[in-house]
2 protein chains.
Amino acid sequence: MSSSPLACASCPVRDRAACAALDEGERADLARLGRHRTLEAGENLFAADAPSDACATLVRGALKISATDADGTERILSLVHPAGFVGELFAPVARFDVVALTKSEVCLFSRREYEAAVERYPALARALLRRSSEDLFGARSLMAMVGRHKARERVAAFLLAMGEAASDSPCHPAARFDLPLSRAEMAGLLGLTIETVSRQLSALERDGVIRRHGLRGIELVDAARLGVPA
Amino acid sequence: MSSSPLACASCPVRDRAACAALDEGERADLARLGRHRTLEAGENLFAADAPSDACATLVRGALKISATDADGTERILSLVHPAGFVGELFAPVARFDVVALTKSEVCLFSRREYEAAVERYPALARALLRRSSEDLFGARSLMAMVGRHKARERVAAFLLAMGEAASDSPCHPAARFDLPLSRAEMAGLLGLTIETVSRQLSALERDGVIRRHGLRGIELVDAARLGVPA
DNA sequence: CGTATAATTGATTCTTTTCAATGATTGTGG
DNA sequence: CCACAATCATTGAAAAGAATCAATTATACG
């Protein structure tokens, strides 16, 4: 962990994050409220049941939002990509965990001060509304996908989504990429067990749809067959 | 279907819906943009893949938000209760279906005009942000619940939730209520089949946890055993 | 290099789905 | 008002899928 003032000028999500909706003066005001923080892979940003006293915009890296039940099983509810916003603005207590999947950087704000900024700057409220609506769509899409498909299709859809996230071009997935998630995390996201995920990956490789390179490297040999099954 | 101007003065969700954040004059402006509409049970409010040109606040009744896949299987992603807001403000095309579960009443707005109102009235943007955040929490909670539990626990949790929704007191579920959903809809919401839902209801009744009255009447005999299994 | 952690693979068990048939409820037209 | 059709729900038997239990192999890390 490390922490320092914000440097918006060099921010890679400067024009995509919620704060992009603000004009220069407003953004400078907001910047004064926030602090830059680095997270190591696996480091906790927020914890379920802790007071919800902060919120953050992801600048670099990747986060997961997850719920862990009594017996320690983790269910991943969402992945957060750069420019994403995390933190529960209107809840006194956080209800989910937020953890860095890889080395990450965030702009961290006090929840109280950020809420005041939302009151002060209507454009910020609208930007957050837009972002929240997208997150809601994402959550519902994931629910529809997981609820409807069998293990192999879930794993395939996940690989495709990761390939697209790793790609520069908007509509074609990257031919090769590294998974940002462990098998346990993939299982938690897809509602499966580690063993089932592993078996499906093996089956996809055996069928010539993908090739694995080490534990996390994935090569999409036949991306078309990852989509809708024939 | 029927349609007429709004009558906010007698609106049952007057102080809970998004528009409650507005002052009298603003609310009157917004009211001029909207129309009251009645929906019969099963009637479609919005359809997936149709242009997203409207949005609405639910005044009375209940809605479902659902996705239907190629083979006609419906996956219910959310139930909407009075004061809930539906419609995709920032998407040009609707991605889910919105259908009335029971006879319902909504305030219907043009999406374009509502978006303009969101720009004009910061309080409306903030109210929608709050509501969207809650919906997001609801979607994630449902996902965590469905992903973590077996069939019986899902059905039990659903009955408990419906009992609480039907109750006047905030923390105790109603002892008796009618399900607003058919078996097919329950299955679609819980990620199960009709048969599995039916079997679990039979099992719960056999075990003395509930009693069924007709097809949709549910009596909670031992609500404690619907919660966390001992 | 050895140990700890993560991933794969196999065998078995359990749950849920699927297929199939029966029973109940609702609504309609005679 | 009743008979009938249509829809919805329940129940049973068989099959499929995924979880669990258990062991082995690969990878990362000190």
Side-chain angles (χ1 to χ4, degrees), chain A residues 40-42 64 69 71-76 101-103 145-159 178-207 209-218 229, chain B residues 40-42 64 69 71-76 99 101-103 145-159 178-207 210-218 229:
Chain A
E40 295 306 316
K64 64 179 175 186
D69 59 7
D71 66 331
T73 314
E74 177 184 58
R75 190 81 231 277
I76 297 186
L101 287 168
T102 62
K103 194 168 192 303
M145 195 279 279
V146 168
R148 256 200 302 247
H149 296 302
K150 301 208 174 299
R152 176 171 175 143
E153 300 163 314
R154 292 188 211 179
V155 172
F158 170 75
L159 292 179
D178 282 313
L179 294 170
L181 275 64
S182 68
R183 296 290 183 275
E185 287 166 331
M186 286 176 61
L189 181 70
L190 300 173
L192 300 168
T193 59
I194 296 175
E195 294 93 325
T196 299
V197 170
S198 181
R199 273 187 255 274
Q200 297 305 330
L201 287 173
S202 300
L204 286 167
E205 185 165 46
R206 177 165 25 76
D207 295 351
V209 181
I210 63 168
R211 198 166 302 159
R212 284 180 287 186
H213 298 276
L215 287 179
R216 293 191 169 207
I218 294 287
Chain B
E40 295 305 317
K64 63 179 174 185
D69 59 7
D71 67 331
T73 314
E74 178 184 57
R75 190 79 230 276
I76 298 185
V99 179
L101 287 168
T102 62
K103 196 170 191 300
M145 195 279 279
V146 167
R148 257 201 301 247
H149 296 302
K150 297 206 177 300
R152 177 170 175 144
E153 300 162 314
R154 294 187 210 179
V155 172
F158 170 75
L159 292 179
D178 282 312
L179 294 170
L181 274 65
S182 68
R183 295 290 183 274
E185 287 167 331
M186 288 176 61
L189 181 70
L190 301 174
L192 301 169
T193 59
I194 296 175
E195 293 94 325
T196 299
V197 170
S198 183
R199 272 186 255 273
Q200 297 305 329
L201 288 172
S202 299
L204 286 167
E205 184 166 47
R206 177 164 26 77
D207 296 350
I210 64 168
R211 200 166 301 159
R212 283 180 288 185
H213 300 275
L215 289 179
R216 293 192 169 208
I218 293 288

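In what follows, chains carry the letters A, B, and so on, assigned in the order in which the sequence lines appear, proteins first and then strands, with residues in each chain numbered from 1. Every heavy atom of this structure was used, including side-chain atoms; hydrogens, water molecules and symmetry mates were not.
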Non-neighbouring partners of R152(B) that pass salt bridge (charged side-chain N to carboxylate O under 4.0 Å, His left out), sequence neighbours left out:
D207(B)

Please report the shortest heavy-atom distance between P180(B) and L101(B), naming the atom on each side.
O-CB, 4.1 Å

Quick one, F158(A) and V197(A) - any side-chain contact, counting heavy atoms below 4.5 Å?
no

Report all interatomic pairs (protein N or O, nucleotide N or O of nucleotides 20-22 of chain D) with separations under 3.5 Å.
{"unit_1": "dT20(D)", "atom_1": "O4", "unit_2": "R199(A)", "atom_2": "NH2", "d": "2.8"}
{"unit_1": "dC21(D)", "atom_1": "N4", "unit_2": "E195(A)", "atom_2": "OE2", "d": "3.1"}

Distance-minimising heavy-atom pair for R183(A) and I194(A):
CB-CG2, 3.9 Å

Would you say that E185(A) contacts E74(A) through its side chain, given a criterion of any heavy-atom pair below 4.5 Å between the two side chains?
yes

Could you say whether I194(B) or H149(A) is positioned toward the 5' end of DNA chain D, judged by the nucleotide with the nearest heavy atom to each?
I194(B)

Contacts of E205(A) meeting salt bridge (charged side-chain N to carboxylate O under 4.0 Å, His left out) (sequence neighbours excluded), chain-then-number -> R212(A)

Nearest-angstrom distance from the residue atom CZ of R75(A) to P of dA19(D)
11 Å

At a heavy-atom distance below 4.0 Å, which nucleotide of DNA chain C is the first touched by chain B, and which is the last?
dT16(C) to dT25(C)

Looking at every non-hydrogen atom in both residues, tell me the closest pair between T73(B) and R148(A) and how far apart they are.
O-NH1, 4.4 Å

Considering all heavy atoms of both residues, which atom of Q200(B) and which atom of A151(B) are nearest to each other, and what is their separation?
NE2-CB, 3.8 Å

Return the minimal non-hydrogen interatomic distance between D178(A) and G217(A), and the atom names on each side.
OD1-CA, 3.2 Å

Length of the line joining L204(B):CG and dA9(D):P, which is rounded to integer Å
17 Å

Is the count of non-hydrogen atoms from other residues, nucleotides or ligands lying under 6.0 Å from R211(A) atom CZ greater than 12?
no

Is S198(A) touching bases, backbone alone, or none of the nucleic acid, heavy atoms closer than 4.0 Å?
base

Euclidean distance, L215(B) CG relative to I218(B) CD1, rounded to 0.5 Å:
10.0 Å

Work out how much the helix from dC1(C)-dG30(D) to dG30(C)-dC1(D) bends between its end axes, five pairs an end, to the nearest 10 degrees.
40°

Once base and sugar-phosphate atoms are separated, protein heavy atoms under 4.0 Å mark nucleotides 24-30 of chain D, 5' to 3', with B, S and - as ---S---

Could you tell me the separation between the CD atom of Q200(A) and the P atom of dG17(D), rounded to a whole number of Å?
10 Å

L192(B) atom CG is separated from dT10(D) atom C1', nearest whole Å, by 16 Å

Taken to the nearest whole Å, CE/M186(B) to P/dC8(D) is 15 Å

For the student: nearest non-hydrogen atoms of L192(A) and R154(A), plus distance:
CD2-NH1, 3.7 Å

Quick one: does L159(A)'s side chain get under 4.5 Å of L201(A)'s, heavy atoms only?
yes

Is there a side-chain contact between R212(B) and the phosphate of dT10(D), meaning an N or O under 4.0 Å from OP1 or OP2?
yes

